[in-house]
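Have a look at the structure below before the remarks.
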2 protein chains.
Amino acid sequence: MSTSTGQRQRPLPGRPVASRRVTIREVAELAAVSIGTVSNVLNNPSIVASATRDRVLAAIGSTGFVRSTAAHQLRGGRSRSIGVVILDVSNPFFTEMVRGAEHALRDDGYVLVLCSTDESVARERHYLGLLEEHRVEGILVTPAERDLSHVSALASRGIPTVLLDRAAPGPSLCSVTVDDVRGGELAAAHLLVDGRKRVALVNGPQSIRQCADRRRGARRAARQLGLDPDRAIVEISVPALTDEHGELAARRVLDTTAGVDAVMCANDLLALGMLRGLAGLGVSVPEEMAVVGYDDVAFAAMLSPALTSVRQPKFELGVAGAELLLEESRDPRHVHREVRFEPELVVRASSTAAKVPKIRRSR
Amino acid sequence: MSTSTGQRQRPLPGRPVASRRVTIREVAELAAVSIGTVSNVLNNPSIVASATRDRVLAAIGSTGFVRSTAAHQLRGGRSRSIGVVILDVSNPFFTEMVRGAEHALRDDGYVLVLCSTDESVARERHYLGLLEEHRVEGILVTPAERDLSHVSALASRGIPTVLLDRAAPGPSLCSVTVDDVRGGELAAAHLLVDGRKRVALVNGPQSIRQCADRRRGARRAARQLGLDPDRAIVEISVPALTDEHGELAARRVLDTTAGVDAVMCANDLLALGMLRGLAGLGVSVPEEMAVVGYDDVAFAAMLSPALTSVRQPKFELGVAGAELLLEESRDPRHVHREVRFEPELVVRASSTAAKVPKIRRSR
DNA sequence: TCCCCGAAATGAATCGTTTAAACTTCTGCG
DNA sequence: CGCAGAAGTTTAAACGATTCATTTCGGGGA
C-alpha cells in the first residue's frame with residue numbers, strides 16, 4: 001500500500017519542467033486549514049485568528065503562492081486592467097497620454113494593456129476584440145478610422161470607452177479632446193499681435209481634422225484682429241507633416257505672395273525643417289521671419305533659436321481619459337461627456353524679437 | 001404557472017444597467033445545442049455539422065457573445081499576454097523596443113501589458129507582482145535596480161523572463177543587449193581615423209553602466225590605432241545627460257587641454273547642447289570641431305549640421321526579446337542565453353567635412 | 001448539567017470555458 | 001438481420017478562487 005496522506009504530483013514527463021503553479025489548495029494543505037480560510041487570510045484577514053493567519057502566511061511565503069487574477073475575475077471580480085489603443089507607440093504625443101493614464105490608474109491596482117494599430121483598421125478591430133475577450137474594465141482609444149460604429153458597439157456592450165483626441169459623434173461615448181481651432185488661433189494671434197503683417201500657414205491636407213481646425217483658428221485670429229483672413233494668412237499646403245516638407249516649403253514661403261514675415265507650421269517637424277530651410281536661404285529667424293510650430297515636442301526648446309510652439313496637455317488628456325473610464329465603471333449615474341482642453345502657446349526665441357518694437361493691436 | 005422554457009434574467013435593480021455579459025450557455029440555449037457544441041464551433045469547427053455550425057454562429061452573432069479569456073485561461077489555456085516593464089513610456093529608446101516586441105507578438109494573438117516604473121524599485125515590484133497574478137506568459141524587463149534577485153525569483157517560479165538592455169548576472173536568465181563598448185569604439189575610431197587629433201569625451205557618471213562602457217570603447221579605439229588613450233581621449237564629466245549640460249560643457253571643451261578638435265558625447269541630448277554651445281562660442285562644426293552623439297534619436301538627422309550618431313537597434317532588441325520569450329515558453333529544451341547586438345555608426349555632416357582631407361590610418 | 005452564544009473554520013456551490021469520454025444515430029456490409 | 005464504425009452531439013469533470021451557509025468548539029450563565 002502507498003502512503004495516501006496527500007496528493008504529491010510531480011511534473012508530467014512530456015511537459016516542460018516549469019514547476020506547476022502553486023494553488024490556494026496546496027497552501028491550505030500545508031497550513032492544515034481549509035481553502036476558505038486561506039481565502040479569508042487573503043481577503044478578510046481580520047476574521048481569522050492570528051495564530052492561523054500567521055501559519056497561512058508562512059505557508060504562502062514558503063510555497064511562493066501567487067493568486068490567479070483569472071480565477072478571481074471569473075468568480076465575479078474585476079480584471080483590473082484597462083485597454084489603451086493608440087495609433088503608434090513610438091509617437092511621443094501618444095506615449096505622453098499613456099503616461100498620464102498610467103499615472104491615474106496605477107494606484108488603483110490597474111494594469112494597462114497597450115495596443116498600437118499603426119492606423120490599420122484591421123489591427124484596431126483585432127485588438128478591440130482581444131481587449132473585449134480579456135474583459136478589460138475600460139478602453140481608451142484613438143480610433144484609426146472615421147467610422148466609429150465598432151467603437152460604439154463596444155460601448156453599447158457595456159465596456160466603458162473613451163475616445164482620445166477625437167470628439168464623439170453622439171452622446172453614446174465619452175471623449176477627451178484638445179481645441180485645435182483655439183491652438184491655431186493662439187499661434188496666429190501671437191504673430192499678428194506681435195506686429196507681423198502676413199503669416200504663411202504651412203499646413204497638411206485638410207482631410208486631417210487637426211489641420212483643418214488649426215487653419216480655421218488662424219483665420220479666426222485674423223478676423224478678430226480686424227484683418228482680412230485672405231490677406232493676413234497665406235496657406236501653403238504640403239503633402240505630409242515631415243521636416244523634409246518643411247524644408248522644401250521654405251522656398252515657397254519666400255516665393256509666394258510678397259510681404260510674408262512669419263510662418264506658422266502645422267507641427268514641430270515642419271517647423272524644424274522650415275528653420276533649416278530658412279537658414280539655408282540666408283533668412284534670419286526671428287529678425288526677418290518669425291516661426292512657430294505646433295505640439296511643443298521635447299526638442300523644440302532645445303533648438304537655436306528655440307522654437308515657439310503650441311503645447312497640448314498630453315499628460316492631462318491621458319489622466320482625464322482614465323478618470324472618465326473609472327467614473328463610468330463605478331458610477332451608475334454616469335452620463336457620457338466630452339472633456340475639452342485648451343492648448344497653450346509657449347513663446348520662445350523663434351518668434352519673439354519682433355522686427356517691430358511695439359505691440360500694435362488691430363490695424 | 002409561469003413559462004419555464006428558459007431562465008430570462010433581468011439586470012438586478014441595484015446594479016448598473018450594464019447588460020449582463022453573454023455566456024456560452026446562452027448561446028447554446030438560443031441555438032438549441034449543448035454548451036460543448038458551441039465550444040466546438042469555437043475551437044474545433046471542423047467536427048461540427050455545418051448546419052449546426054451555422055446555427056451556432058448565428059446565435060453568437062445575434063447575442064454578441066465574446067469568449068472570456070479568464071475562463072479559457074483557468075481551464076488550462078494560456079493568458080495570451082506578455083508583460084513589458086520599462087523605465088519610462090515616454091522615452092523613445094524604450095518605446096521603439098516596445099514596438100519591436102509588439103510586432104513580433106501580435107500575429108500570435110498576444111497582447112502587451114505595459115508598465116513603466118519611472119525607475120522606482122517599489123513600482124517595479126508592484127508591477128511584477130501584478131503581472132504574475134495575471135499569469136502573463138512572459139516578461140520583458142528593464143530592471144530599475146542593480147540587484148536582480150526578485151527578477152530571478154520570477155524566472156525560477158517558471159515565468160519566462162528576458163532582461164532588456166542589461167546583461168544577466170548568471171545563466172538563469174535570458175537577456176538582450178547592445179554592445180556599448182563597441183559603440184564607444186565606433187564613435188572614437190571614426191573621429192581619430194578621420195584625422196582628428198584629440199577627442200573630448202563628454203560623459204555622464206561612471207556609475208551608469210552605459211557611460212562606463214562607452215568610455216572603455218573610446219579608449220580601446222585609441223589604443224587600437226596605436227595612440228595613447230590618455231592623450232587622445234580627454235574626458236569631461238557632466239552630472240546628467242541633458243542638453244543643458246552639453247551646452248555648458250562646450251566652454252569646458254575649449255578651456256581644457258589644448259588641441260581638442262572633436263567631441264564625442266555620451267548621448268544625443270548632450271550633443272545637441274554641445275552644438276548649441278559651440279555655435280554660441282563661434283566655433284564652426286564640423287570644420288573646427290567634429291561632434292558625434294549617441295542613440296541616433298529621431299531629430300539627430302534633422303539638425304543642421306545633421307548629427308553623426310551611434311544607432312542602437314532598438315526595434316530589433318524588442319523583437320529579439322519577444323522571440324526569446326516565445327522560445328522559452330514553447331521549447332522545453334530552451335537554454336538561457338544573451339543575445340548581443342552591435343550598434344552602428346551613422347555618419348552625417350557634424351563630423352564628416354574633416355579638416356584633414358585624407359584619411360590617415362594609425363599613427 | 002445543560003443551553004446558548006460568538007468566534008473561527010469548513011465545505012460546497014459557483015463563475016465560464018474546455019475536453020475527454022460517453023452516448024445516439026445512421027450507414028453500410030457480411 | 002445484426003453489428004461495426006463513423007459522425008455528431010451531449011455530459012460531466014475539471015481549472016482556481018470567492019462566498020456564504022453551516023459546523024465546530026469552548027466558555028459563560030442559569
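Chain A is the first sequence line, chain B the second, and so forth, proteins listed ahead of strands; every chain is numbered from 1. The figures that follow rest on heavy atoms only: side chains count, while hydrogens, waters and symmetry mates do not. Because the structure is predicted, anything quoted here is derived from the model rather than measured.
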First and last nt of DNA chain D near chain B, cut-off under 4.0 Å to heavy atoms, 5' to 3', are D:dG8 to D:dG16

Using the side-chain heavy atoms of A:Arg75, tell me which of these nucleotides is nearest: C:dG16, C:dT17, C:dT14.
C:dT14

Going by atom types alone, do B:Ser149 and B:Asp147 pair a side-chain donor with an acceptor below 3.5 Å?
yes

Report the residue from B:Leu163, B:Leu317, B:Val319, B:Asp165 that forms a side-chain contact (heavy atoms from CB on, under 4.5 Å) with B:Val176.
B:Leu317

B:Glu29 CD to C:dG16 C1', straight-line distance once rounded to whole Å
14 Å

Whole-Å distance separating the CZ atom of A:Arg135 from the P atom of C:dG16
9 Å

Side chain to side chain donor-acceptor pair (under 3.5 Å) evaluation trace for A:Ser68 with B:Glu133:
CA-CA 5 Å; A:Ser68 155; B:Glu133 293 191 355; over 6 Å; no

Will you find, in the side chains of A:His150 and A:Glu124, an N or O donor that is under 3.5 Å from an N or O acceptor?
yes

Does one side chain, of A:Ser81 or A:Ser79, offer a donor that lies under 3.5 Å from an acceptor on the other?
yes

Cation over ring face, A:Arg80 and A:Tyr110, 6.0 Å, 45°
yes

What residues 33-52 of chain B contributes to the DNA chain D interface at heavy-atom separation below 4.0 Å is B:Val33, B:Ser34, B:Gly36, B:Thr37, B:Val48, B:Ala49, B:Thr52

For B:Asp107, is there an ion pair with A:Arg123 - N to carboxylate O distance below 4.0 angstrom?
no

Side-chain H-bond candidate by donor/acceptor type, A:Asp88 with A:Ser90, under 3.5 Å
yes

